[in-house]
Participant: 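Encoded as C-alpha cells, here's the structure I'll be asking about.
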Amino acid sequence: NAGWTRHWLTWGTALIVVTVALISLRAGTAQTYVPLTYLLVVLGGSASGGRRLGFALAIASFLLIDYYLQTPYDNISIAKPVDLVTLAAFLVTAIVASELLDRARRDRDAAVRQAEEVTRLGAEHEQLSREAEKVRALREGDRMKDFVLASVSHDLRTPLTTIKALAHELGALGDERSQVIEEQADRLNRLVAGLLDLSRLNAGAMPLHVELNAVDDLLSAALQDTEPRLAGRTLVTDLPSDGALLVGRFDLSLAIRVLVNLIENAIKYSSPGTTIRLAVRREESKLLVSVSDQGSGVPAGEEERIFTPFYRPSSERPDAGSAGLGLAIARRMAEWQGGAVTYARTSEGSIFTLTLPAADLKEL
C-alpha cells in the first residue's frame, strides 16, 4: 500500500545518503562510529516501517559497511578477525533491535486499540444507563397511570349506578330527559368498565377461566348482545358448510367481550344498509372468527396503531363518543387467553380476525 511504499523509499534513501556521506569521510572517520550511524538508520526504519524493513536495512547496512567502509574498500572481504566480529555484532544488534522495536510497536498499537475499546464501551455503558433510567421512569409513569385509572374507574361506578337509578325514577314520573340521562350513564359506564379492564390486563390481574367451549355458544352470546345496536345494518353469519361443531379451549366470557368489541367496531365504522359478515373456520390448531365490514378501512400506515389504547382516527369527530379502547382491550384479552386479534384490508372494507386455540370433540 501507499504507506508501506513510502516508508521503504524514505529509509532506503536515508541509507543511501548515510552511505555517500560516510564514503566521503571514510579516510578520516573512526571505524567505531560507522556501525553506530547505520544502527540509527536501522532503528528508525524499524520504528516507522516495522520488522521487515528493519531486517532489510540491517542486512543492507552490513553489506554496505563491508564493501565501502572496511578495508580493503570496494570489495566484499574481511581483512581482520576483529572486523568480522564487529560486523557480526552489528548485524545481530540491528536485527534484535528491529525485533524489539517491532514488538514494542505492536504492543503500543494493541494498547491504543484497547484504550479505544474501553472508551467505546464506557460511552455505550453510559448510553445504556441513560436509556435504562428512561425505561424505569416510563415504567413508573405507566404504573402510576394504571393505578390512577383503576382507582378513578372504581370510584366512578357507585355514582354512575346512583345516576342511572335516579334517571329511571324520573322516567317513571314521565320526564323525557331520563332516557338521555340513562344513555349517557350507560356510555360512561362502558368507558369505566373499559378502563378497569385495561388496568387489570396491564397489571396481569384479569381473571382467566380457560375451558372447553363450543364456538356456537360464543357466536350466540355475541349476536344477542350486539343485535339491538345494528341500526339498519345486516349481520350475516357464515358457518362451516359440513355442519361440524367447532370447539376451542378459551375463556368464554372474555372471548364474548372480544367478539362484541369487534362487531361494535364494525357497526361504528360502516354505514346503515351495509352488511357485516361473521365467519368461522378452523385451521389446524386454531379457530378463526372473522368480522368483516364494508366501511372505509383503516388509513395506510396505521394498521397497528388502531390497537393502542385511546387511538382514534384523525378523521373522527371529537364528539364521536369513542375513547379508543375497544380494539386495544380486544387484542389484549385475546392474547391473555393464548389467542390474537389481527387486521387486514379487503376490497370492500376491513376484516378483523379473532384467533383462539382449537380443541377436538373427543376432549369434551
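Since the model is a prediction, treat every value here as computed from it, not as a measurement.
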Participant: Check whether E335 reaches the backbone of A340 with its side chain - one donor and one acceptor, N or O, closer than 3.5 Å.
Facilitator: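 No; zero donor-acceptor contacts below 3.5 Å.
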Participant: Does a side-chain heavy-atom distance below 4.5 Å link T355 with L287?
Facilitator: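 Not in contact.
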Participant: Where is the tightest heavy-atom contact between V260 and A222, given as atom of each residue plus distance?
Facilitator: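 Taking V260 first and A222 second, the nearest heavy atoms are CG2-CA, 3.9 Å.
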Participant: Can you tell if the side chain of I329 reaches within under 4.5 Å of the side chain of L325, non-hydrogen atoms only?
Facilitator: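 A side-chain contact under 4.5 Å exists here.
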Participant: Quick one: CD on E124 to OG on S129, what's the gap to the nearest 0.5 Å?
Facilitator: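 So the gap between those two atoms works out to 11.5 Å.
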Participant: Grouping I, L, V, M, F, W and Y whenever their side-chain heavy atoms are under 4.5 Å apart, do L63 and I16 come out in a common cluster?
Facilitator: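 Different hydrophobic clusters.
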Participant: Which pair of heavy atoms, one from L354 and one from A255, lies closest together, and at what distance?
Facilitator: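 In terms of heavy atoms, the two residues are closest at CD2-O, 4.3 Å.
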Participant: Starting from L22, can I reach L40 by hopping between I/L/V/M/F/W/Y residues whose side chains sit under 4.5 Å apart?
Facilitator: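 Different hydrophobic clusters.
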Participant: If you compare all heavy atoms of L245 against all heavy atoms of A214, which two are closest, and at what distance to 0.1 Å?
Facilitator: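 In this case the closest contact between L245 and A214 is CD1-CB, 4.2 Å.
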Participant: Check R113 with E117, please: is the shortest side-chain N to carboxylate O separation under 4.0 Å?
Facilitator: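 Judged by the 4.0 Å cut-off on N to carboxylate O distance, E117 and R113 do not form a salt bridge.
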Participant: Using every non-hydrogen atom in the two residues, find where Q337 and D251 come nearest and quote the distance to one decimal.
Facilitator: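 The pair with the smallest heavy-atom distance is OE1-N, 2.8 Å.
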Participant: Under 3.5 Å, side chain of T308 to main-chain N/O of R305, donor-acceptor pair present?
Facilitator: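 Yes, T308 side chain to R305 backbone: donor-acceptor pair under 3.5 Å.
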Participant: Looking at K268 and E264, is there a salt bridge between them, counting it only when a charged N and a carboxylate O are closer than 4.0 Å?
Facilitator: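 Judged by the 4.0 Å cut-off on N to carboxylate O distance, E264 and K268 do not form a salt bridge.
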Participant: Give a yes or no on whether E131 atom CD has more than 12 heavy-atom contacts from other residues, nucleotides or ligands under 6.0 Å away.
Facilitator: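 Yes, the 6.0 Å shell around CD holds more than 12 heavy atoms from other groups.
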Participant: Calculate, to the nearest 0.5 Å, the distance between atoms CD1 and CD belonging to I263 and E227 respectively.
Facilitator: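 Reported value, rounded in 0.5 Å steps: 10.5 Å.
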Participant: For W336 and M206, indicate whether the former's side chain and the latter's backbone hold a donor-acceptor pair under 3.5 Å.
Facilitator: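 Pair found, side chain donor or acceptor close to backbone of M206.
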Participant: Could you tell me whether the side chain of E116 reaches within less than 4.5 Å of the side chain of V112, counting heavy atoms only?
Facilitator: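 The answer is yes, as the side chains (C-beta and beyond) meet within the 4.5 Å cut-off.
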Participant: Is any side-chain heavy atom of V41 less than 4.5 Å from a side-chain heavy atom of T37?
Facilitator: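 Heavy-atom side-chain distance check fails, nothing below 4.5 Å.
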Participant: L15 versus L57: any side-chain heavy-atom pair under 4.5 Å?
Facilitator: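 In contact.
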Participant: Given R282 and D360, is the salt bridge (Lys or Arg N to Asp or Glu O under 4.0 Å) satisfied, shown in steps?
Facilitator: CA-CA 11 Å; R282 175 170 178 168; D360 297 322; 3.2 Å; yes
Participant: Salt bridge or not for E284 and K286, using N-O below 4.0 Å?
Facilitator: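 No salt bridge links E284 with K286.
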Participant: Got a salt bridge between E304 and R331, using NZ or NE/NH1/NH2 to carboxylate O under 4.0 Å?
Facilitator: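 Answer for the salt bridge query: yes.
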Participant: Just checking, any donor-acceptor pair under 3.5 angstrom between side chains of Y343 and T353?
Facilitator: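 No pair is found: no donor N or O on one side chain lies under 3.5 Å from an acceptor on the other.
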Participant: When you compare the side chain of P309 with that of R332, does any pair of heavy atoms fall below 4.5 Å?
Facilitator: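 Counting from C-beta outward, R332 and P309 do come under 4.5 Å.
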Participant: Apply side-chain contact (heavy atoms from CB on, under 4.5 Å) to residues V341 and L327 and explain how you reach the verdict.
Facilitator: CA-CA 9 Å; V341 172; L327 292 178; 5.6 Å; no
Participant: Rounded to the nearest 0.5 Å, what separates atom CG in L121 from atom CD in E126?
Facilitator: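 Here the rounded value is 13.0 Å.
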Participant: Using side-chain heavy atoms (C-beta onward) and a distance below 4.5 Å, is D238 in contact with V236?
Facilitator: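 In contact.
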Participant: Without swapping roles, check the side chain of D293 against the backbone of I276 for a donor-acceptor pair under 3.5 Å.
Facilitator: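 No; zero donor-acceptor contacts below 3.5 Å.
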Participant: Say whether V247 and L288 are linked into one hydrophobic cluster, either directly or through other cluster members, by side-chain heavy-atom distances under 4.5 angstrom.
Facilitator: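 V247 and L288: separate clusters.
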Participant: Is it true that L208 and L356 fall in one hydrophobic cluster, defined by side-chain heavy atoms closer than 4.5 Å?
Facilitator: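 Both belong to a single hydrophobic cluster.
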Participant: Does atom CZ of R345 have more than 12 heavy-atom neighbours from other groups under 6.0 Å away?
Facilitator: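 Counting neighbours around CZ of R345, more than 12 heavy atoms of other residues, nucleotides or ligands fall under 6.0 Å, so yes.
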Participant: Taking R233 for the side chain and S270 for the main chain, is one N or O donor matched with an acceptor at less than 3.5 Å?
Facilitator: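 Yes, because the side chain of R233 sits within donor-acceptor range (under 3.5 Å) of the backbone of S270.
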Participant: Are any of the side-chain heavy atoms of L219 and L278 separated by less than 4.5 Å?
Facilitator: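 A side-chain contact under 4.5 Å exists here.
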Participant: Please name the pair of heavy atoms, one in L64 and one in Y38, separated by the smallest distance, quoted to 0.1 Å.
Facilitator: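 So the two residues come closest at CB-OH, 4.0 Å.
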Participant: Rounded at 0.5 Å granularity, tell me how far CD in E303 sits from OG in S350.
Facilitator: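 That separation rounds to 9.5 Å.
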Participant: Rounded at 0.5 Å granularity, tell me how far CG in L218 sits from CG in L246.
Facilitator: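 If I round to the nearest 0.5 Å, the distance is 11.0 Å.
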Participant: I need the I351 CD1 to T342 OG1 distance, nearest 0.5 Å.
Facilitator: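 With rounding to 0.5 Å, CD1 (I351) is 8.0 Å from OG1 (T342).
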Participant: Give the minimum heavy-atom separation between A330 and L262, together with the two atoms involved.
Facilitator: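 Distance-wise, the nearest heavy atoms are CB-CD2, 4.3 Å.
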Participant: So, does R229 use its side chain to make a donor-acceptor pair with the main chain of D225 at under 3.5 Å?
Facilitator: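 Yes; at least one donor-acceptor contact below 3.5 Å.
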